Amino acid sequence: MAPSLPTVQPDDVTMAEKAPHGGSFDAGNAIAPQPALFDYLLRLGDDSLILGQRLTEWCGHAPALEIDLSLANIGLDLIGQATLFLNLAGEIEDQRRDGDKLAFHRDVLAFRNCLLVEQPNGDFAQTIARQFLFSTVQLGLFEGLARSSEPRIAEIAAKAVKEVRYHADLSADWVIRLGDGTEESCRRMTEGLDWFWRFVDEMFDVDDVERSLIEAGIACDRGSLRVAFDARVQQVLRDASLSLPEYPRAVRGGRVGHHSEHLGHLLATMQFLPRTYPDAVW
Amino acid sequence: MQVIDAATTARIMAVLDDVPDPEIPAVTVTDLGIVRGVRAAPPAVLVTPTYTGCPATLVIEASIRAALDRAGFKNIEVETVLSPPWSTDWISDRGRERLERYGIAPPPKGIAARHLRGDEPVACPQCGSSETKEVSRFGSTPCKALWRCLDCLEPFDRFKCH
């Protein structure tokens, strides 16, 4: 197969036409409102996909073999969740896009993940902070979604929640190990939690898209998960001899496609091959 | 619509009984409990993944497809089902014996849900000692943890309770 320059895909053209004049990032939703269920499945799938991709960056670089294996395995679980959610999203959308097409042929403005998952890995403690906060939220979310009135979402969540329990446990253990470790590990763990704390609120946001789905019993009310989340975080931080981070101004925007600069760079690496060789198969 | 009878179902299960798991060839797909059964109409073999992201899932489906084709069951579909989610409680007794002989400590039976962390001691599959320790909760594949025997000092894989 001859290599080709990344060609402009038909969806890219459609998307560019829909974008507000000048393509300004801050001019409102760049993408036309999508049916709520499709959008919701993108949120679930993109959170898992982007964090899964981030974790694979550690492969071969983690401080010890045991955690190298762990981060790769968590990444694998997350990419498995993404495959299921995005395939279902494609089915609901009914525009002949499957999970791969949604993962590899969407551009940055069309991604619906929260900002936390796209942030760079930073040092090991930052990665652990991000994982602990994310997995703790995801555990509550999937426990709720396992009771969704949409059976296909319920079965994905019921399957994945067993794996997420491992992720939440493992990352909590590491928060304690680093927080209650040496002076340096404690400093790094504190800084990691301080940095990521600004991305926590977004994970509990409920907007109109989700509200309609919550009323239909399909989505899980993220707001209702906050109390249990705060209690769990406080318990782990107490065991780690750490105090709750200073509360910086929360940042948000991922759910409507307003991402940090980091997501584009991540996608460049992740999407390069399938975009350059669109017919490539294993 | 094609409907298959009990005798055909039994023959299909016998075929699947010889399909090895690609990662752990010592056990078959039926030993692991990932074949959920044969649906009569429309006829299909129902398969469930162990872990959501287990890369062996696609290979397993392909191996089952190939085995069915070889045995003349070309029009039996292979279908993936997620619910109910797979549990190590579905690993058969024969599967447990085969895992142990292969050097992988099998998961205890009937307690998967209560022992997610796999913390309880397990007998070393090399020397039988119960003085063993978890090295890493994640191992060479999603379904295994890495353990070490404190007596014979050999590392070994352990099937995680799941």
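Quick note: numbers below take in every heavy atom, side chains included, and nothing from hydrogens, waters or symmetry partners. Please read these numbers as outputs of a predicted model, since none were measured by experiment. Residue numbers begin at 1 in each chain, while the letters A, B, ... track the order of the sequences.
Heavy atoms closer than 4.5 Å to chain A are found in both the backbone and the side chain of B:Pro49. Contacts of B:Thr141 with chain A are made by backbone atoms alone, with heavy-atom separations under 4.5 Å and no side-chain atom involved. Using a 4.5 Å cut-off between heavy atoms, A:Leu65 does not touch chain B at all. Residue contact with chain A, scored on non-hydrogen atoms closer than 4.5 Å, is absent for B:Thr80. Residue A:Ile79 does not touch chain B at all, counting heavy-atom pairs closer than 4.5 Å. Neither the backbone nor the side chain of A:Thr83 comes within less than 4.5 Å of any heavy atom in chain B.
Pairing each heavy atom of A:Leu76 with each of B:Pro142, the nearest pair is CD2-CG, 3.7 Å. When all heavy atoms of B:Pro85 and A:Ala158 are compared, the pair lying nearest together is CG-O, 3.9 Å. Shortest non-hydrogen contact noted between A:Lys159 and B:Thr52 is CG-OG1, 3.6 Å. Across all non-hydrogen atoms, the minimal contact from A:Leu170 to B:Phe138 is CD1-CE1, 3.8 Å.
A distance of 11.5 Å separates NZ in A:Lys162 from NZ in B:Lys160, rounded to the nearest 0.5 Å. For the atom pair A:Glu66 CD and B:Leu146 CG, the distance stands at 9.0 Å (nearest 0.5 Å).
Classified by interplanar angle (parallel below 30°, tilted 30° to 60°, perpendicular above 60°), the ring pair B:His162/A:Tyr166 is parallel.
The greatest number of non-hydrogen atom pairs below 4.5 Å with chain B, out of A:Asn73, A:Leu69, A:Ile74, is found for A:Asn73. Taking B:Pro55, B:Ser83, B:Cys54 one by one and counting their heavy-atom pairs under 4.5 Å with chain A, the maximum is reached by B:Ser83.
Counted within 6.0 Å of CZ on B:Arg94, heavy atoms from surrounding residues, nucleotides or ligands total more than 12; the atom is thus considered enclosed. Within 6.0 Å of CZ on B:Arg148 lie no more than 12 heavy atoms contributed by other residues, nucleotides or ligands.
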- Report the C-alpha separation of A:Glu155 and B:Val81 in whole Å, then their side-chain angles, then the decisive distance to 0.1 Å, and conclude whether the side-chain contact (heavy atoms from CB on, under 4.5 Å) test is met. CA-CA 9 Å; A:Glu155 66 181 19; B:Val81 290; over 6 Å; no
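Within the 4.5 Å cutoff, no side-chain heavy atoms of B:Leu82 are placed close to those of A:Arg152.
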